[in-house]
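A short worksheet on the structure shown next.
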Amino acid sequence: MDGFESRRPQRIPQRRPWSITQQQTARGPGDDPRIGVFICHCGHNIAGYLDVAALVASARSLPFVVLAQDSLFTCSDAGLNQIRTAIAEHGLNRVVVASCTPRTHEPLFQSACDEAGLNRYLFEFVNIRDQCSWVHMEDGERATRKARDLIRMGVARAALLQPLTETELAIQPAAAVIGGGMAGMTAAGSLARRGFSVTLIEREPALGGSVRHLDTLYPNRTSARKLVEAQVAAVRAEPQIEVLTSAEVTAVRGSIGHFELEVESRQYRMKLPVQAGVVVVATGAEEWKPAGMYGYGHNPAVITQQELEERLSTGDLPPDLRSVVMIQCVGARDAHHPYCGRTCCLVAMKNAMILKEGNPACQVHVLYRDIEVYGTHFEDYYAQARELGVVFTRYTPDRPPEVVGDQGRAGDKQTPVPPGRVLVYDELLGATLAIPYDLLVLSTPMVPRPGARELAQMLKVPVDEHGFFLEAHVKLRPLDFATDGIYLCGSAHWPAHLDEAIGQALGAAARAATVLSKEQIRSSGIVSRVEESLCRGCERCATACEYGAIEFVDVTRSVEFLHRPMARGLETVHVKVARVNPMLCKGCGACAVVCPTSAMVASHFTGEQVAAMIRAALQAPAAMGEDHGTL
Amino acid sequence: MNEVLVIGAGIAGIQAALDLAEQGLRVHLVERLPSIGGRMAQLDKTFPTNDCSTCILAPKMVDCSRHPNIVPHTYSEVEAVEGEAGQFDVRVRKRARYVDETRCTGCGECASKCPRKVPDAFNLGLSQRRAIYLYFPQAVPMVMTIDPEQCTYLQRGKCGLCAQVCEAGAIDFEQQDLLLDLCVDAIVVATGFDFYNPAPLTQYGYQRYPNVITALEYERLISASGPTGGHLLRPSDGQPAKKIGFIQCTGSRHVRHNRYCSTVCCVHAIKEATLAWEHDHDADSYVFYTDLRGSGKGFREYMDRAGRAYGVTYVHGRVAQIFELGPGSDSAGETHKPVIRYEDATTGRVAEMAVDLAVLATSLVPAHDAPLLAGILGIDMDEYGFVKTEPFSPADTSRPGIVACGCCLGPADIPQSVAQASAAAARAAEIAWELVRPRHREKG
Amino acid sequence: MEPFEPTILTFACNWCSYAGADLAGVSRIQYPPTTRVIRVMCSGRVSPVFILEALRHGADGVLVTGCHPGDCHYLSGNEKAVQNVEMARSLIQLLGIDPGRLRLEWISAAEGSRFAQLVTEFTDQIRELGANPLRNGHMGP
Amino acid sequence: MNYQMIIERTRAYLCLDCGKCTGSCPLARVDLDYSPRRIVERVVAGEAEAVMASPQLWSCMTCGMCSARCPSNVDFARFIIEMRAEAFGLGERGIYAHNGILQEIMRIQTLEVHQDRRGWLTDDMRVSEESDTLYFVGCLPFFDVVFADLDVEATEIARSAVRLLNRAGIVPHVSNDERCCGADLLLAGDVDSFRRLAELNVEAITRSGAKQVVFTCAECYNAFRTDYPEYVGALPFEVTHLTELLAGHMNSGDLAFEPVPGTVTYHDPCRMARYLKVHEPPRQLINAVPQAHFVEMEDNRERSMCCGSTAWVNCSGCSKLIQREKLAQARDTGSRLMLTTCPKCQIHLRCASRDLAPEEKVRVEDVTSWLGRAIQG
């Protein structure tokens with residue numbers, strides 16, 4: 001034996017057998033609720049402040065309560081046994097425990113119900129410790145009165161609880177990865193190594209994405225071409241990966257477990273269906289072109305970093321460059337794009353160092369606002385660049401650099417022209433520098449690829465105000481979309497260094513694998529459901545739903561109608577009704593609030609259940625003929 | 001079923017464990033402290049959304065503790081690792097809590113009776129706890145721990161009040177450390193970081209001046225669940241702090257301390273300044289920076305907004321020194337007021353600013369026992385003492401089968417750590433899967 | 001005569017505010033036993049009807065609590081709560097019920113003391129207003 | 001309960017099983033399981049409990065088409081209302097639309113409230129507490145809040161009503177003390193709440209000294225004229241619909257309308273069409289507006305089809321089909337503006353129109369607010 005089980009604590013956290021699928025229990029309520037109430041002393045924690053005997057007596061007098069008991073620790077094995085036994089012996093079909101907080105202990109008691117054959121959603125928790133005995137230690141009498149009200153509320157709700165089903169859905173163990181750059185290839189590779197089949201969809205004729213346009217990569221001057229080639233070879237060699245190049249997603253149907261993508265292949269000149277259980281978005285980003293800024297577009301000596309990169313890789317640069325000026329934050333942190341481009345500082349440093357190493361006599365000036373190199377290695381990289389003699393000059397946005405003279409010195413080697421200069425006010429120096437340039441390189445931020453918005457609409461996932469894909473949660477779900485089954489990595493999310501993009505791609509693969517690893521997934525029972533006959537198809541619920549969990553389907557109804565063609569007798573009309581995908585619904589209940597006809601029901605927190613609690617809370621105890629105990 | 005060890009249960013370790021467990025792997029989650037949660041549990045809010053840290057972390061902690069595929073080993077440490085990918089033999093020491101985890105309900109009755117008060121490490125010594133304590137209110141597991149160094153009974157055999165009041169009978173003075181032998185396919189290292197102790201930077205007067213505190217101490221002060229109930233009070237006199245100076249790069253980007261950039265401090269300071277404003281709209285904050293760095297998603301907009309609307313002023317210039325207002329100074333009656341001296345870079349002249357509170361953005365440094373753990377795991381560390389990885393292979397350490405994520409790799413913010421954690425989970429799962437795919441693995 | 005003891009119905013979202021109320025307990029922060037908490041998954045679930053229903057049945061105050069703006073576990077549920085509570089507020093104003101009996105507050109999972117303080121403060125506020133006049137002559141289901 | 005009483009009061013025992021009611025019922029056309037005849041027959045046959053437990057009990061819109069056409073003069077609408085009252089006593093409820101918020105608003109008004117409901121009045125309007133004429137506003141201020149998403153412009157009806165009354169030389173009293181008329185509660189089985197509201201209203205109006213009460217809402221008007229006398233006794237004041245009152249002023253010359261060009265049609269609300277049989281006054285007023293081209297719908301006056309939903313219960317996909325039909329009838333007139341005299345018909349039909357394709361949309365407006373624009377120029 002591996003001793004695994006034996007080492008596990010027995011009570012909290014609550015444990016279930018290793019099998020992830022839990023036992024479904026069919027037993028629901030009978031005709032009439034038979035409620036058992038179990039009141040916990042929690043040692044001194046409750047019993048030390050509240051009159052538990054009085055609580056038991058008053059609970060016993062409540063409607064539908066057939067049993068009320070107390071115990072020293074309801075969460076102990078003895079306490080749980082007491083519940084299990086009582087369910088069997090007294091034919092309980094609802095269980096109420098009054099003790100601590102559902103946030104930590106609800107699953108424990110739900111499991112006890114499960115084990116005794118009672119659907120776990122027929123359990124109701126009443127918090128008389130954290131929100132009662134512990135906060136009213138000085139006034140046991142009023143605290144007991146409050147606890148009695150809370151128990152009455154719990155019992156009132158319990159009487160209306162319904163057994164809920166946790167829907168199971170078989171998962172198609174395949175992934176579709178959209179975007180065949182480094183991120184997409186990495187994600188596809190990881191999923192394939194995990195044993196899942198992957199369709200990798202790339203718009204361009206070749207895999208590799210934006211890294212294909214680069215020369216070398218920081219921080220170690222890896223050849224971009226070699227890295228891409230190696231990755232492409234690995235992807236091509238992986239039998240589990242099907243690569244579709246010159247292919248674009250044109251439609252997406254389905255949801256987690258069963259997506260169907262329609263992919264238009266220019267290669268095969270046809271639309272191919274791609275089936276997948278999950279989708280990974282890795283469509284990348286591209287360099288923004290600063291048309292009209294600093295002479296870009298009409299002055300051939302003004303280029304972008306990516307254009308410099310291409311020239312470096314083709315060797316298409318004059319050998320006698322004497323002065324190169326790089327301007328950072330062109331179109332970033334300004335009215336064009338309010339954000340920082342994240343990668344541009346390092347790109348500039350790397351290219352500056354290459355220029356400097358190739359020709360130490362060449363002056364390289366980097367005009368920056370803030371040097372965005374964070375972490376360990378990048379900061380060193382910055383130091384290296386300074387060491388090599390790259391000059392960093394800070395400018396402020398209210399006095400941006402200015403280009404005078406229309407042409408760089410390298411513009412025409414035969415006939416010298418008056419040199420172009422970049423004027424920059426160095427705030428830290430308190431002076432304006434005039435820096436001659438042969439080549440002016442503009443560092444611009446990455447922007448979303450064209451088509452990103454359309455893809456987002458197809459997938460029904462959001463993009464942010466800049467057009468980058470918007471993750472489910474900025475802090476804790478950076479690689480997920482709010483809609484389950486769709487994941488995100490690389491610069492499609494936000495400009496990323498290659499290292500980061502690769503890490504995110506692996507991460508997105510892991511997130512996707514959490515779904516694909518299961519033969520089936522199980523929803524919570526607490527999901528909204530639709531009473532179809534009441535649904536008017538107005539779509540207010542879908543507007544309220546953040547998770548894309550509600551879709552509308554056409555159903556046909558036979559009607560004796562309609563209007564003009566009176567004599568036609570029975571005819572069929574199409575009406576739109578809402579359907580809730582229990583795999584996507586998170587049970588927040590927002591849809592039920594906006595539904596005009598009560599067609600949408602927020603299970604486990606229905607209007608009736610809440611109303612019953614409200615009434616029970618405010619009911620004068622005397623009116624109920626309830627036993628007051630000693631109060 | 002294949003098993004994986006995750007070392008460290010901060011947000012990175014928790015995420016890695018959940019991603020692995022959800023892929024059907026069994027996870028042993030080892031945490032040195034009495035509760036999972038890590039550094040994030042000490043934070044009040046998180047940038048750039050000002051999300052309440054506990055609100056978003058606690059559900060993940062609970063998920064972790066309830067997951068049928070995860071066994072948390074809290075108050076435990078890895079002592080030895082042998083073998084290779086697919087067959088690591090790991091020894092874990094589960095330290096004695098002197099409290100039976102299966103009985104304790106975390107009610108705290110014992111702590112209320114315990115006579116021994118000691119500084120509370122979770123609150124960085126800003127408040128006191130007892131010798132028997134809950135690590136923090138939302139601790140998972142919600143069980144008490146006895147500090148053997150401080151417990152009068154364990155030290156001198158007297159007292160035992162806790163055992164007397166515990167109705168669950170959970171106190172066990174006889175409890176011994178437990179040694180667990182695990183066999184795992186892969187190991188995820190997520191041991192996080194420590195904050196640099198700024199004492200060597202004597203020019204900032206940390207610990208000499210009461211109103212010079214670190215950013216993490218500030219975090220506890222402003223946290224609603226912290227020692228002052230979320231009121232930003234000066235340690236010297238308990239008066240509200242109205243003017244706050246944030247001293248960036250305390251120990252970072254400094255060749256004699258830590259030459260790297262600690263990545264999170266700029267936005268972190270701005271968040272703390274924003275919180276000061278949220279608590280008190282009259283509060284003014286000054287952030288003294290070298291470069292104002294914030295290239296993460298939404299960070300720059302966050303910084304700009306703070307500067308525009310939340311009373312935050314950015315001052316370019318690394319602080320040279322902090323003084324205290326002396327007795328003979330202009331503001332009579334004001335004692336312990338830190339005075340920040342810096343070069344006003346726009347004029348090139350030295351300037352001084354008196355503040356109520358000076359907050360040091362101390363570097364993120366490798367965990368103090370990182371070298372020890374590196375030895376146990378047999379993995380290479382980089383020149384800064386963080387776990388070493390190769391470019392473009394961000395999760396893999398030098399030893400096959402061992403992967404890493406979070407701040408043990410170097411300073412990272414929360415979303416980076418979470419993404420890295422998922423990446424490490426992917427690599428660990430690949431390793432475990434590689435072993436079952438050929439289906440020739442022998443029984444161990 | 002005993003001083004007027006208000007009854008306050010509190011709706012608390014599962015993720016932040018209910019956790020905040022629990023934290024008040026774990027921290028043993030004392031507050032008046034005037035409130036009865038109804039847990040819902042999200043403050044956005046609190047339909048205006050719940051609020052009116054509570055007032056009709058005699059609640060002296062209704063406190064709706066949720067995650068701070070931007071913190072909602074369900075992304076925008078607390079924004080929906082703002083709209084719903086505003087609708088309820090407009091209606092009770094028309095009905096001549098003092099809008100001071102209804103409050104919407106954000107309480108995070110770390111704000112145990114804030115929960116306690118709010119209940120204390122709201123209790124005092126309701127004591128000022130006196131008992132809900134709808135308590136007199138209640139009828140209907 | 002002795003269901004025999006209900007059967008007798010509504011003459012249900014005379015049912016010939018002819019099915020004229022079902023054939024006339026707008027609901028039965030879209031809900032093929034619904035048959036007024038069968039409901040009556042089941043109760044007559046002694047299966048009242050089954051009917052009480054059935055959701056169908058709450059689906060009837062009480063539009064009265066069946067009763068109007070029944071060869072035996074069985075009052076089916078009343079039969080349903082009385083059965084609902086019985087079912088209500090047993091704890092049965094219809095499915096409340098809008099989560100029951102309107103029922104809450106109504107029931108709160110049975111209690112000790114001091115409403116503040118006159119915020120819609122503007123300075124140009126003349127009102128007087130001393131007036132002999134009380135304008136009964138009904139739920140309009142509440143509708144503006146509850147149906148903000150539909151932009152129902154409910155209080156615009158009230159503003160127009162006061163302006164029109166002023167123009168006709170009447171300075172009405174608008175009271176904070178009025179309560180909901182309670183009709184929707186009565187129709188949903190809650191007789192006790194209805195009776196209480198009726199008592200409170202009669203008491204408040206009597207106290208105000210008003211001799212005449214004017215309504216813009218067909219439902220309120222019908223409640224006062226038909227139901228109040230039955231439940232709380234003869235009223236010590238006159239009641240009239242604004243359109244009736246204004247139509248009476250037409251010849252006096254103090255009501256002259258500015259031109260409002262365009263084609264309009266008119267939807268007779270069930271209460272006006274079949275309960276009170278007030279057909280002509282709204283039409284006279286519409287026709288008095290220069291350049292307004294009035295076209296009748298195929299089904300008008302006593303044939304007018306219901307707006308699809310009543311009493312804020314059991315609104316459903318079937319309601320929407322009925323509403324779609326109603327809107328289609330309106331489009332057939334060539335008009336894209338359908339006037340009515342019931343603010344609830346306006347809400348229900350606007351709700352349905354909201355979901356139609358742009359080319360199918362029909363604007364639904366109260367005659368009162370439309371006329372209000374005709375006097376403002």
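Labels below follow one simple rule: chain letters A, B, ... track the order of the sequence lines, proteins then strands, and each chain is numbered from 1.
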Heavy-atom pairs under 4.5 Å with chain B: which of [options] has the most?
options                : answer
A/P495, A/P478, A/G341 : A/P478
A/I371, A/I502, A/V515 : A/I371
A/R103, A/M182, A/Q504 : A/R103
A/A513, A/A509, A/A332 : A/A513

Does any part of the side chain of [Y], heavy atoms only, come nearer than 4.5 Å to the side chain of [X], both counted from C-beta?
X      : Y      : value
B/T49  : A/K475 : yes
A/F73  : B/E167 : yes
A/Y339 : B/E301 : yes
A/L476 : B/K60  : yes

Backbone N or O of [Y] within a donor-acceptor pair of the [X] side chain at under 3.5 Å?
X      : Y      : result
B/T263 : A/G375 : yes
A/D370 : B/R293 : no
A/E372 : B/G294 : yes

Self-check item: Where at least one partner belongs to residues 382-394 of chain B, residue pairs that pass side chain to side chain donor-acceptor pair (under 3.5 Å), sequence neighbours excluded
Solution: A/D380-B/Y384
From [atom1] ([X]) to [atom2] ([Y]), nearest 0.5 Å:
X      : Y      : atom1 : atom2 : result
A/W494 : B/F299 : CH2   : CZ    : 9.5 Å
B/Q420 : A/D499 : CD    : CG    : 9.5 Å
B/F392 : A/L217 : CZ    : CG    : 4.5 Å

Quiz item: Taking only residues two or more places apart in sequence or in another chain, which ones pass side-chain hydrogen bond (donor to acceptor under 3.5 Å, both in side chains) with A/E500?
Solution: A/R342, A/Y374, B/Q416
Salt bridge present between [X] and [Y] (N-O < 4.0 angstrom):
X      : Y      : answer
B/R259 : A/E379 : no
B/R66  : A/E106 : no
B/D19  : A/R511 : yes
B/K297 : A/D464 : yes

Quiz item: Which bit of B/L364 comes within less than 4.5 Å of chain A, counting heavy atoms only: side chain, backbone, both or neither?
Solution: neither
Exercise. Give the intermediate values and the outcome of side-chain contact (heavy atoms from CB on, under 4.5 Å) for residues B/R253 and A/Y382.
Key: CA-CA 11 Å; B/R253 302 185 68 191; A/Y382 180 34; 3.5 Å; yes
Practice problem: Kindly give the heavy-atom pair with the smallest separation between A/L479 and B/A419, and that separation in Å. | Solution: CD1-CA, 3.9 Å
Quiz prompt | Least distance between heavy atoms, B/Q23 atom then A/A510 atom | solution = NE2-O, 3.7 Å
Residue among [options] with most heavy-atom pairs under 4.5 Å to chain A:
options                        : result
B/G296, B/G108, B/C405, B/A16  : B/G296
B/A395, B/A428, B/A168, B/A424 : B/A168
B/P411, B/S295, B/S252, B/S422 : B/S295
B/C166, B/A429, B/G410         : B/A429
B/L292, B/T290, B/D304         : B/L292
B/H316, B/E109, B/E343         : B/H316

Self-check item: Worked check of side-chain contact (heavy atoms from CB on, under 4.5 Å) between B/D291 and A/R394
Solution: CA-CA 10 Å; B/D291 282 287; A/R394 186 187 170 95; 3.8 Å; yes
Part of [X] within contact of chain B (heavy atom distance under 4.5 Å):
X      : value
A/L516 : neither
A/H377 : both
A/T222 : side chain
A/L191 : neither
A/H41  : neither

Exercise. Go through the steps to decide whether A/R333 and B/M303 satisfy the test side-chain contact (heavy atoms from CB on, under 4.5 Å), and finish with yes or no.
Key: CA-CA 11 Å; A/R333 298 177 60 186; B/M303 296 159 113; over 6 Å; no
Practice problem: Could you please spell out the steps behind the side-chain contact (heavy atoms from CB on, under 4.5 Å) verdict for A/R477 and B/Q15? | Solution: CA-CA 10 Å; A/R477 294 181 68 192; B/Q15 182 66 44; over 6 Å; no
Quiz item: Can a donor-acceptor pair be found between the side chains of A/S190 and B/E430 at a distance below 3.5 Å?
Solution: yes
